[in-house]
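To start, the structure itself, in structure tokens.
Bear in mind the structure is a predicted one, so any value in this text is a computation, not a measurement.
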Amino acid sequence: MSVSRRALLTTAAGTAVAATSIAPPAQAAQKVPGHAAATLDATADYAVAKLRAVAPGVSGFPVGTRFEKWTYSQNGDWVGGFWPGTLWMAWLHSGEERFRTLALASAEKLAPRQDDTGTHDLGFLFYPSWVTAWRLTGDDKWRTGAIRAASSLIRRYNPKGRFIRAWGALNDPANAGRVIMDTMMNLDLLAFASSQTGDGKYLDIAVEHARTTQRNFLRPDGSTPHVYDFDPASGAPLGPGTVQGYSPASCWSRGQAWGIYGFTTIYRRTGRREFLTTARKLADFALGALSPDHVPVWDYLAPQAPHDIKDASAGAVMACGLLDLSRATGEPRYREEALKLLTALSETCLTRKSARADAVVARCTRNRPSEDGVEISLPYADYYLLEGILRVLRPDDIDRAIDLSTV
């Protein structure tokens, strides 16, 4: 589906420009096998139709489903950026002004979180919402707010251990030395802040955190734990742990996907090949652990893997990371595997057969060890599935939204 319109967009360097109408997929995309292209386009159409029906009744930020209906957070929790981000993806695919209007209204509700120093998730909150809003509208308030959020995020940096702490208030000793793989996805907000302000401190912290993660999380086989703990006073590494994975020695599939995507992104922002090498190692392990159906299990090294509970959200995140990795390395195999993932999710993990489902993607697992959200729908699955599809069908448009440039 393609609709021509004029919009204020941005270049990869971040300068707001008046753009011509968004190009149809056939003009913008690399060649895609016919079956995959048709499947992905149909999935994007289904997502837009679902959002068209559901979005007007959304009363907060979706955090997950209960009996197929969204449950909400009013302040966004850690997932608040994904709802406006999903609406932006729907706007890019459909051109329907209603999605742009709803995306801006939803993003506005995150304004109080700019000054939140109690979480590492400010990248998740502000990149798909505020950075994208600035890139697609040119309104400087979104850029300014995203930079302010980045300034809040770097207050969580521990210079002794060279890491950004994941959880807990700055004055709370609990979890003061806890680092999680997910934080790799929050570093791009810091890269954005440096590019926009000319102040290298944000990107410097991002690089140091990525190096610490690379040095401590990466196992010889390319797998990773969810958590690594450090002594917050000395910065000394203590050892691996987990919260959402099976054990400290296992490999939580969504964490592995965050790593693939996050390390590829920090490579693109810095040109440091060590990060690209790490992303490839993580990707190669995950691809080797996939079952033939191409829908990841919740933990690749849990005892019942690969015959275990699925997490479609891990597949959606991983597909985006693999598409990015293919561009960065020039290796077609990563793109081919990403297409298999996106096709599998489209064919086996959508909510098409349910008349009551609010979400697009089913078969997601939030936190199996806590029995919290086992095979439900999650907002980041919807967001990353659409992002992945648009990376394939409309790469120029997704570049304008989230910046796919490489230094």
Side-chain angles (χ1 to χ4, degrees), residues 1 39-74 76-94 96 98-99 102-103 105-107 109 124-125 128-129 244 253-254 257-258 293-298 309-320 341-368 371-390:
M1 180 187 300
T39 298
L40 299 187
D41 196 52
T43 296
D45 285 350
Y46 172 70
V48 166
K50 176 66 70 175
L51 288 162
R52 194 182 294 126
V54 171
V58 166
S59 60
F61 296 99
V63 297
T65 54
R66 183 176 296 120
F67 298 110
E68 301 183 274
K69 295 297 184 182
W70 285 127
T71 61
Y72 299 104
S73 163
Q74 293 307 312
D77 198 82
W78 72 271
V79 299
F82 296 121
W83 179 247
T86 301
L87 295 168
W88 281 123
M89 297 299 106
W91 179 73
L92 287 174
H93 183 66
S94 70
E96 295 179 27
R98 74 182 84 185
F99 293 124
L102 288 168
S106 178
K109 294 178 182 178
F124 282 132
L125 288 169
S129 56
Q244 287 167 266
S253 61
R254 191 162 69 249
W258 295 140
D293 66 358
H294 274 78
V295 181
V297 295
W298 73 282
I309 296 295
K310 298 291 188 175
D311 182 11
S313 74
V317 175
M318 183 176 167
C320 293
L341 280 163
L342 293 172
T343 301
L345 296 178
S346 296
E347 292 179 342
T348 67
C349 297
L350 300 189
T351 58
R352 288 184 183 275
K353 294 183 178 180
S354 172
R356 59 176 281 118
D358 280 349
V360 176
V361 182
R363 304 182 71 193
C364 304
T365 298
R366 182 163 48 205
N367 188 336
R368 193 178 184 197
E371 297 293 336
D372 173 23
V374 177
E375 292 222 13
I376 61 170
S377 294
L378 294 167
Y380 33 95
D382 285 11
Y383 172 79
Y384 286 109
L385 179 64
L386 273 175
E387 181 191 302
I389 289 172
L390 294 184

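- Proximity of a side-chain donor or acceptor of Arg254 to a complementary backbone N or O of Val317 within less than 3.5 Å is not detected.
- Looking at every heavy atom in both residues, Ser354 comes nearest to Ala357 through OG-N, 3.2 Å.
- Asp382 has no carboxylate O lying under 4.0 Å from a charged side-chain N of Lys50, or vice versa, which leaves the two without a salt bridge.
- Heavy-atom minimum distance, Thr365 versus Glu375: OG1-N, 3.2 Å.
- The closest side-chain heavy-atom distance from Arg368 to Asp311 is not below 4.5 Å.
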Quiz prompt | Test side-chain contact (heavy atoms from CB on, under 4.5 Å) applied to Val297 and Ser253, step by step | solution = CA-CA 7 Å; Val297 295; Ser253 61; 5.6 Å; no
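- Partners of Arg352 under the salt bridge (Lys or Arg N to Asp or Glu O under 4.0 Å) rule, at least two apart in sequence or in another chain, do not exist in this structure.
- Expressed to the nearest 0.5 Å, how far OG1 of Thr343 lies from CG of Leu40 amounts to 5.0 Å.
- Considering CZ of Arg66 and OG of Ser377, their distance stands at 13.0 Å, rounded to 0.5 Å.
- Within the 4.5 Å cutoff, the side chain of Leu345 has no heavy atoms near those of the Val361 side chain.
- Atom SG in Cys349 sits 8.5 Å away from atom NZ in Lys310 (nearest 0.5 Å).
- Within the 4.5 Å cutoff, the side chain of Asp358 has no heavy atoms near those of the Pro62 side chain.
- Taking both residues in full, the closest heavy atoms of Pro128 and Trp88 are given as O-CD1, 3.8 Å, listed atom of the first, atom of the second, then distance.
- Between the CD atom of Glu387 and the CE atom of Met89 there is a distance of 6.5 Å, given to the nearest 0.5 Å.
- For the pair Thr43/Ile389, a side-chain contact is recorded, criterion being any heavy-atom separation below 4.5 Å from C-beta on.
- The distance between the ring centers of Phe82 and Tyr384 falls below 6.0 angstrom.
- Relative orientation of the Trp78 and Trp258 rings is perpendicular, given thresholds of 30° and 60° on the angle between their planes.
- The heavy-atom pair separating Gln244 from Trp298 by the smallest distance is O-CZ3, 3.2 Å.
- None of Leu102, Leu386, Leu92 except one satisfies the side-chain contact (heavy atoms from CB on, under 4.5 Å) rule with Leu87; the exception is Leu102.
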Practice problem: Could you go through the side-chain contact (heavy atoms from CB on, under 4.5 Å) check for His93 and Asp45 one step at a time? | Solution: CA-CA 8 Å; His93 183 66; Asp45 285 350; 2.8 Å; yes
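- For the side chain to side chain donor-acceptor pair (under 3.5 Å) test, no residue two or more places apart in sequence or in another chain qualifies with Thr65.
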Quiz item: How far apart are the C-alpha atoms of Leu51 and Trp83, what are their side-chain angles, what is the distance that settles it, and do they pass the side-chain contact (heavy atoms from CB on, under 4.5 Å) test?
Solution: CA-CA 10 Å; Leu51 288 162; Trp83 179 247; 3.6 Å; yes
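- In this structure the side chain of Phe99 reaches within 4.5 angstrom of the side chain of Val48, judged on heavy atoms.
- Proximity of Tyr383 to Phe124: side-chain heavy atoms (C-beta onward) are nowhere separated by under 4.5 Å.
- Looking at heavy atoms from C-beta onward, Pro379 lies in side-chain contact with Trp70 at the 4.5 angstrom threshold.
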Practice problem: Evaluate side-chain contact (heavy atoms from CB on, under 4.5 Å) for Glu68 paired with Thr351, printing each intermediate quantity in order. | Solution: CA-CA 9 Å; Glu68 301 183 274; Thr351 58; 5.6 Å; no
